[in-house]
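Have a look at the structure below before the remarks.
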Amino acid sequence: MTTVTLKTSLVTDILTVFTRELRPVLRNPFSVIFTMVQPLFFLALFAPLLPGDSSLQWFVPGIVVMSCLFGASATGANLLYEMQTGSHERMLVSPLRRPALIIGRALKEIVPMLGQTVVLVLVTIPFGFTLNVAGALIGLAILAIFCVGLGALSYTLALASKDHEWMFWGVQQTLLFPLLLLAGMMLPIDNGPEWLQTMARFNPLTYVVDAERLLFNGTIASGTVLAGVVAAVVVAVLGLLVGTRAMRKA
């Protein structure tokens with residue numbers, strides 16, 4: 001009975017934090033739309049440079065992952081603001097469990113990611129992009145898992161950067177674009193130098209991007225898709241473990 005009660009309470013705490021974090025997004029949906037500006041610019045400027053008639057089929061899934069990467073990696077900024085205003089300290093003295101504080105925050109990142117994906121797909125369909133609905137839904141589930149882990153890591157970075165906001169943005173920006181480029185989101189790296197391809201193989205985002213491209217185009221049963229699932233789960237587990245530990249020490 002105690003175990004069941006504990007699990008139920010943890011789920012309730014997660015939902016409480018999730019609802020609290022999601023409320024500002026629902027009140028101001030323009031903030032989600034604003035984050036779409038940069039991915040749309042990349043879409044407009046890079047897609048025409050890619051060879052072949054099916055360039056959108058290759059490029060759009062990568063941009064969807066890019067949108068997820070931009071949004072989830074910057075979410076720690078919200079926690080920085082709460083630490084400056086004292087809201088975070090009030091959350092820490094509440095009866096909410098520490099794991100729920102990080103899990104609920106990270107889960108919130110799924111909602112903006114879904115909205116941004118819908119916008120990207122709707123914008124590109126008139127230009128010839130075709131979507132496999134079943135594959136895309138599976139792909140979005142994988143991205144949701146990845147978003148949870150990345151959001152948790154972003155919050156961990158925010159906790160480590162308390163009173164030093166410049167440190168958060170410095171580390172975030174330093175890591176963001178190498179991860180993006182090494183994953184082959186905007187340009188293929190298959191024909192790149194061996195050292196570049198080797199670095200890409202150590203980037204978990206590479207496997208997520210490759211899986212999304214296959215899934216959005218209708219290939220579901222594939223070792224590449226399985227590798228993407230494993231990479232997303234590893235990032236999620238690592239992010240939640242590190243984030244929960246950092247939140248308990250806060």
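Just so you know, residue 1 is the first one in the sequence shown, and it goes up from there.
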Separation between [atom1] of [X] and [atom2] of [Y], rounded to the nearest 0.5 Å:
| X | Y | atom1 | atom2 | answer |
| --- | --- | --- | --- | --- |
| Leu180 | Leu205 | CG | CG | 7.5 Å |
| Leu114 | Leu143 | CG | CG | 9.0 Å |
| Met186 | Leu43 | CE | CG | 12.0 Å |
| Leu22 | Leu107 | CG | CG | 10.5 Å |
| Ile110 | Leu140 | CD1 | CG | 10.5 Å |
| Trp169 | Ser161 | CH2 | OG | 10.5 Å |

According to side-chain hydrogen bond (donor to acceptor under 3.5 Å, both in side chains), does anything in [range] pair up with another residue at least two apart or in another chain? List the pairs.
| range | value |
| --- | --- |
| residues 118-134 | Gln57-Thr130 |
| residues 191-203 | Glu194-Arg201, Thr198-Arg201 |
| residues 218-228 | none |

Common cluster, [X]/[Y], ILVMFWY with side-chain heavy-atom separation under 4.5 Å:
| X | Y | answer |
| --- | --- | --- |
| Leu187 | Leu176 | yes |
| Leu131 | Phe127 | yes |
| Leu150 | Phe202 | no |
| Val208 | Leu175 | yes |
| Phe168 | Leu179 | yes |

List in chain and number order the residues that pass side chain to side chain contact (heavy atoms under 4.5 Å, CB included) with [X], two or more places apart in sequence or in another chain; answer none if no residue qualifies.
| X | value |
| --- | --- |
| Pro178 | none |
| Leu15 | Val11 |
| Leu240 | Ile103, Val148, Ala152 |

Side-chain contact test, heavy atoms from C-beta onward, threshold under 4.5 Å: evaluate it for [X] versus [Y] and give yes or no.
| X | Y | answer |
| --- | --- | --- |
| Lys108 | Thr19 | no |
| Phe146 | Val234 | no |
| Glu212 | Val209 | no |

Can you list everything that forms a side-chain hydrogen bond (donor to acceptor under 3.5 Å, both in side chains) with [X]? Sequence neighbours excluded, please.
| X | result |
| --- | --- |
| Arg20 | Glu82 |
| Ser73 | Gln172 |
| Asp210 | none |

Starting from [X], walk the hydrophobic network (Ile, Leu, Val, Met, Phe, Trp, Tyr; side-chain heavy atoms closer than 4.5 Å) and list everyone else you reach, by chain and number.
| X | answer |
| --- | --- |
| Val133 | Leu137 |
| Leu215 | Ile138, Ile142, Ile145, Leu214, Ile220, Val225, Val229, Val233, Val237, Leu241 |
| Leu122 | Val118 |

Closest contact, heavy atoms only, [X] versus [Y]:
| X | Y | answer |
| --- | --- | --- |
| Ala158 | Leu80 | O-CD2, 3.5 Å |
| Ala211 | Gly228 | CB-CA, 3.9 Å |
| Ile189 | Ala200 | CD1-CB, 3.2 Å |
| Thr206 | Ala183 | OG1-CA, 3.5 Å |
| Ala227 | Tyr207 | O-CB, 3.9 Å |
| Cys147 | Ala72 | O-CB, 4.1 Å |

Audit row: Leu69, Met185, side-chain contact (heavy atoms from CB on, under 4.5 Å) steps and yes/no
CA-CA 11 Å; Leu69 180 66; Met185 289 185 191; 3.9 Å; yes
Give the intermediate values and the outcome of side-chain contact (heavy atoms from CB on, under 4.5 Å) for residues Phe59 and Phe129.
CA-CA 10 Å; Phe59 197 67; Phe129 176 70; over 6 Å; no
Short question: side chain of Ser67, backbone of Val64 - any donor-acceptor pair under 3.5 Å?
no
Any donor and acceptor pair, going by atom type alone, linking the side chain of Arg213 with main-chain N or O of Trp58 inside 3.5 Å?
yes
Apply side-chain contact (heavy atoms from CB on, under 4.5 Å) to residues Trp166 and Val171 and explain how you reach the verdict.
CA-CA 9 Å; Trp166 61 268; Val171 174; over 6 Å; no
So does Met167 have more than 12 non-hydrogen atoms from other groups sitting under 6.0 Å from CE?
yes
Test side-chain contact (heavy atoms from CB on, under 4.5 Å) applied to Leu40 and Leu120, step by step:
CA-CA 8 Å; Leu40 287 174; Leu120 282 170; 3.8 Å; yes
